[in-house]
Amino acid sequence: MAEVEYNFEKIEEKWRKRWEKDGLFANRRDDRPPYYVLNMYPYPSGVLHIGHFLNYTLGDVMVRYKILRGFNVLSPMGWDSFGLPAENAAIRTGIHPHEFTENNIARCRRQMLRAGWGYDWNREFATSHADYYKWTQWFFLKFREKGLVVKKTAPVNWCGSCQTVLANEQVKEGECERCGSRVEQKDMNQWFYRMSAYAERLLAGHEALRGKWPDAVLAMQEEWIGRSEGAEVEFRVKETGDPVPVFTTRPDTLWGVTFMSVAPEHPLVEKLAAGAPRGREVLEAARRMRAIGTSARELAAQEKEGIFTGCHVVNPVNGAEIPLWVANFALMSYGTGAVMGVPAHDQRDWEFAKKYGIPVVQVVLPPDGSGPGTWEKAYVGAGEVVNSGPFTGEPDNFKAMPGVIDWLEKEGRGRRKVNYRLRDWLLSRQRYWGAPIPVIYCDSCGIVPVPEKDLPVLLPTDIDFTHGRGNPLARSKSFVNAPCPKCGRTGRRETDTMDTFVDSSWYQIRFADPANGRACWDAAKVAKWLPVDQYIGGIEHATMHLIYARFFTMALHDLGLVDFDEPFTRLFCQGMVCKVAYRCETCKWIPAEAVAVRRPDGSDASEEEAAAVLKRVENQGLDEAGLAAAGWKLVCAGCGGDRLHFEMTKIGKSKLNAVDSDAMIERFGADTVRLYMLSDSPPDRMQIWTEDGINGAWRTINRLWRLVMDSLERISSPGTPIPAELDAPNRALRRKTHQCVLKVTESIEGGYQFNTAIARTNELLNLLRSLRDQAHPAILRETLEIVVLSLSPIIPHFADECWSRMGHDRSVFSESWPEPDREAAREEEIEIPVRINGKVRARLTVPAGLSGGELEKLALADGNVQARLEGKVVARVVTVPGRLVNIAVKQG
RNA sequence: GCCGGGAUGGCGGAAUGGCAUACGCGCGGGUUUCAAAAACCCGUGACCGCAAGGUCGUGUGGGUUCAAGUCCCACUCCCGGCACCA
């Protein structure tokens, strides 16, 4: 008697142990071509959420697929273990960040093992371990030697609550990404990597990544790099002679400049205000503008504001004297911090000029011949140049007017210039739990790098986290006081640590040689594995980790440490996992369990009714309008109110719609969860989590289990040859089987479309269920083996158990991906639709391979067709062999 | 506003220019059962029709083609990213 229900607890554990014992993911098979699959390693928070589950499952499926395809697959895992959460926990609880982190790593590792993801655990490391961050520090010194490290005073984003500086990428809508407090602007002396020097190269690299990275990621990076072409033109302050260079992408409109604005923090502001009659007022206004913050986002939301400095600048192209303003929309961090104002042809300048009564001078005549007097807004289109000295009368199509720049260069009034939005990478943090920046300040020698032999600069352990504010490192005397490596006198150690994104910019290389104590890595090992063949992770890292890692790799290349300059050949970004979330107008987000249902008549719904309504909501069968139309009301069990809303949104703690992946594995087993996550949507799209969905996957697994178990006594013994002569049902089964292999392979190779791969095997299973009683033992075996092999990357424990029960000693993962038999897959007989004026009017069952002429003859001879053609004139017959016949007719 | 991606049944989604809706979920009906939320079978785009069958149908409007979900032009809406970047 076959087992009725698939016993995942016993089976999954058995195979995990077996893979471990066999060294499936750890043993290197150097006779095979190498292939490196990497998932973005996690911050060990202690609990992996369902988003991680999708991420790592995708990676695992790719790993197993590539193993079956005969590659020597490297699949490592490690921990991005420096960072704020551990330190915040230390401040809260007094538990040392190291201990906190190690505990969480242990918990995450257990979860990963239980999920069945295959990693080479021999290569595991954590970035917070000294033998890793030693090299993070070493790279800092190497980058510094190469001139890629700068220390400069810069307006930085300061989070008062975290007491640290944040990178622009970590400021979300003016708030700290981590803690949500308001971010202030502060001038501070900080360490930077000169990423801006690589702007052009980062952009140029997109060429090679196109088609291999998602379009969206490349588009986001392009925007982040923000290349724009134009000219730098030197204006001069009339009263003092100070130069005021400006960057413009519209040099063609230079003759239309009617004012100049500079950023509130522009150095000229203070200088000019010093002697001016309204100086105090100007300084006061500038201070006010600065206090509001300089994040472009905030400025956008804000009314344009400015103050006239009382000074003027001279336009180098025509000698015009125009007023100099301080304006809140001018950004010190972009271009030169000064902007020329052309109200006629720039919307922002138009608005500013209208507000302050600044004149508008037209220099482009639109085709309709109109002027600013009749305009509602600035004219930014093409036209004829007017009022522009030597260029008057020429056609203006702005972007394509290099003539102006040539003229500026010839006249010595300006020059061609390319500007980038990409800024240097602010890498210093005033926090404890990161890699210490290895320099010492000495009163006589200045900034002195820690000698390589003294690396790593270890984090001190004697820190009290629960008292005091600011950087705990600065409070450790044993850490701060250090002899100057140059002169030996007592110096002061740098107490800033590095941004965790520095750690994660090179971890993918360390996996090639994780235990090397003498060097960052062995060049031959890196040459073998890197760059990463397939990287997998969330798209939220597009302008952070993914751009830092690219920069870092290019810099390592320039240091001669690696011979490639892109870290990740292919990138796959998985979609978000979403689930319906409920929001009560009084109680905010509430869990699904706290939602009750009321009938149209106002009475409470029965349990079954409520379950049915909520199920339809979860499956998107009912939206809020549909629910209201049906008269059902959702009620918040917390407050009893019925003002309840719901939406499909990313799974998470904040919306109270989290899915506990551990609990799911406990209920259904890892394979069921894997199957569910991969079977519905393509993996780069949004995934919707429903209870019905996971139940359906469980039923599918069990149905397949029964099919295989019930077939065991009827299959031939392994290795039995396929008979040469087969009857029609067996030929049909074989045909479908080999078509399935072809299509599954295509689905996976063509972009990891596991949903269609699963659909193809389902089709085969449906046919097998209907023909199973007629199947020849050898054909039954072949079919089941191909089903099991095709699904093995997706449901590995299940597949290996089936494989073994089918009489194999070795794991399914020591086999090869099935080779399709194209001869067996070929159709014998096909159905050809005959269309008359586009409508199917007959179907011909014909042998495959008939010519167009034969098809046409058969189609026209068909009784149905002839009846339809009665009294009509055949205008044209198109036949597509193997496809269809189309007859175009006219009335006779 | 700019950039990227979309729009196909009740839902997730299939479809080298060639039978739209594969596969699955849900739903309806049936079988089995003390009873099932389990299993198995049948049905399931809309409309008209007792039926045979017919008409319509892939966001909207045009176009190319014997043939368009797919190609071209114009637009609408949705999701995501960026956004006073000179």
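Side-chain atoms are counted along with the backbone in the values below, which use heavy atoms only and exclude waters and symmetry mates. Chain naming here is simple, since letters A, B, ... match the order of the sequence lines and numbering starts at 1 in each.
- Taking only distance into account, the side chain of A:N762 never meets the base of B:C23 through a donor-acceptor pair shorter than 3.5 Å.
- Counting non-hydrogen atoms under 4.0 angstrom, A:N886 reaches a base of the nucleic acid.
- Among the protein residues, A:N695 comes within range of no part of the nucleic acid, since none of its heavy atoms lies under 4.0 Å from any strand.
- A:A219 comes within contact range of the sugar-phosphate backbone alone, with a heavy-atom separation under 4.0 Å but no base atom that close.
- In this structure, A:R685 reaches the sugar-phosphate backbone alone: every heavy-atom distance under 4.0 Å involves primed, P, OP1 or OP2 atoms, never a base.
- Atom-to-atom, NZ of A:K355 to P of B:C84 comes out at 17 Å; the value is rounded to the nearest Å.
- Distance, A:R876 CZ to B:C66 C1': 5 Å, rounded to whole Å.
- Counting any heavy atom pair closer than 4.0 Å across all strands shown, A:R227 reaches no nucleic acid atom.
- In the interface, the side chain of A:R835 is not paired with the base of B:C66 through any donor and acceptor atom under 3.5 Å apart.
- Each of A:L884 and A:Y334 lies near RNA chain B, and the nucleotide nearest A:L884 is the one positioned closer to the 5' end.
- Side-chain N/O atoms of A:R772 and A:S711 include a donor and acceptor closer than 3.5 Å.
- Across all strands, A:P214 comes closer than 4.0 Å to no nucleic acid atom at all (heavy-atom distances).
- The base of B:A86 does not come close enough to the side chain of A:R250 for any donor and acceptor atom to sit less than 3.5 Å apart.
- Summarising the geometry, the separation between CD on A:E223 and C1' on B:G4 is reported as 9 Å, rounded to the nearest angstrom.
- In this structure, A:Q620 places its CD atom 13 Å from P of B:G9, rounding to the nearest Å.
- Nucleic acid contact for A:T248: sugar-phosphate only, since backbone atoms but no base atoms lie under 4.0 Å from a heavy atom of the residue.
- In this structure, A:T700 reaches neither bases nor backbone, as no heavy-atom distance under 4.0 Å exists between it and the strands shown.
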Please produce a list of atom pairs where a protein N or O lies less than 3.5 Å from an N or O of nucleotides 39-43 of chain B.
unit_1: B:A39; atom_1: O3'; unit_2: A:R706; atom_2: NH2; d: 3.2
unit_1: B:C40; atom_1: OP1; unit_2: A:R703; atom_2: NH1; d: 3.4

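- Each of A:R421 and A:Q753 was assigned the nucleotide of RNA chain B with the nearest heavy atom; the assignment lying further toward the 5' end belongs to A:Q753.
- Counting to the nearest Å, the P atom of B:G5 and the CE atom of A:M686 are 19 Å from each other.
- Neither OP1 nor OP2 of B:U16 sits under 4.0 Å from any side-chain N or O of A:K743.
- Side chain to side chain, A:D680 and A:N755 fail the donor-acceptor criterion of an N or O pair below 3.5 Å.
- Side-chain N/O atoms of A:N419 and A:S228 include no donor and acceptor closer than 3.5 Å.
- Salt bridge status for A:R616 with A:E618: absent, with no side-chain N to carboxylate O gap under 4.0 Å.
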